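One structure is given below, encoded as structure tokens.
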Amino acid sequence: MSRLRRIAVFVEEVGAGNYHWVLHEQGGDASEWIELSASPMAYDLWLDAFEDGCAELVRMVPDERNGPRDAGEDEDAPPVGPIGGTSRDGAAANAPPNPRTEDPS
């Protein structure tokens with residue numbers, strides 16, 4: 001399974017009593033945060049903005065059991081190479097070495 005994305009939900013106050021939720025994702029550097037989305041409208045209450053921001057994050061997640069995942073390499077994938085298939089020389093990948101075809105040195 002790929003790693004979880006580091007996405008933060010926070011609320012900004014733009015003018016007195018005007019709250020907006022914002023979703024940021026951590027970039028390649030731990031100090032870099034990239035804005036993913038923000039509320040198109042202002043909220044009168046901080047809590048309403050925060051709850052809607054959390055709901056927006058949940059909508060972004062295709063599988064709520066696993067959370068937002070990177071599209072990168074699957075950490076649970078088998079290592080590179082054939083598994084249960086054949087190797088380059090045509091031998092079964094999991095078969096023991098053949099003493100007749102293996103180099104004894």
Side-chain angles (χ1 to χ4, degrees):
M1 183 174 301
S2 59
R3 77 172 184 84
L4 279 169
R5 295 168 62 190
R6 293 181 178 182
I7 300 175
V9 177
F10 65 92
V11 175
E12 286 186 340
E13 186 175 21
V14 182
N18 292 312
Y19 302 99
H20 289 266
W21 58 260
V22 182
L23 298 181
H24 274 196
E25 181 168 18
Q26 187 178 34
D29 181 311
S31 65
E32 175 188 24
W33 288 87
I34 301 158
E35 185 173 309
L36 297 176
S37 59
S39 62
M41 60 176 218
Y43 294 81
D44 294 332
L45 299 173
W46 175 90
L47 184 59
D48 289 344
F50 181 74
E51 288 176 341
D52 280 1
C54 290
E56 179 64 20
L57 175 57
V58 170
R59 279 191 289 277
M60 291 174 49
V61 177
D63 184 348
E64 292 177 2
R65 295 170 297 166
N66 294 314
R69 298 281 173 173
D70 268 343
E73 184 175 339
D74 184 352
E75 294 173 359
D76 293 334
V80 175
I83 294 188
T86 59
S87 63
R88 282 185 229 165
D89 64 0
N94 297 331
N98 183 341
R100 290 186 227 154
T101 59
E102 297 292 319
D103 184 3
S105 52

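Given the structure is predicted, the values throughout are model-derived calculations rather than measurements.
With sequence neighbours left out, F10 forms a side chain to side chain contact (heavy atoms under 4.5 Å, CB included) with E12, V22, H24.
Follow the hydrophobic side-chain contacts under 4.5 Å out from V58 and you never reach M60; the two are in separate clusters. Put simply, V11 and L36 are part of the same group of oily side chains (I, L, V, M, F, W, Y) that touch within less than 4.5 Å, one to the next. Cluster membership for V14 and Y19, using ILVMFWY side-chain heavy atoms within less than 4.5 angstrom, is not shared.
Sorted by first then second residue, the salt bridge (charged side-chain N to carboxylate O under 4.0 Å, His left out) pairs that include residues 54-63, not counting sequence neighbours, are E56-R59, D63-R65. Residue pairs meeting the salt bridge (charged side-chain N to carboxylate O under 4.0 Å, His left out) criterion with at least one member in residues 28-52, sequence neighbours excluded, do not occur.
In terms of modelled atom types and a separation under 3.5 Å, the side chain of S2 and the main chain of D70 share a donor-acceptor contact.
Taking 4.5 Å as the limit, every side-chain heavy atom of W21 sits out of range of all side-chain heavy atoms of C54. L4 has its side chain within reach of R69: a pair of non-hydrogen atoms, C-beta onward, lies under 4.5 Å apart. At least one side-chain heavy atom of V9 sits under 4.5 Å from a side-chain heavy atom of F50.
Residue H20 holds its NE2 atom at 10.0 Å from CD of E13, rounded to the nearest 0.5 Å. Within the model, atoms CH2 of W33 and CZ of R6 stand 7.5 Å from one another, a figure rounded to the nearest 0.5 Å.
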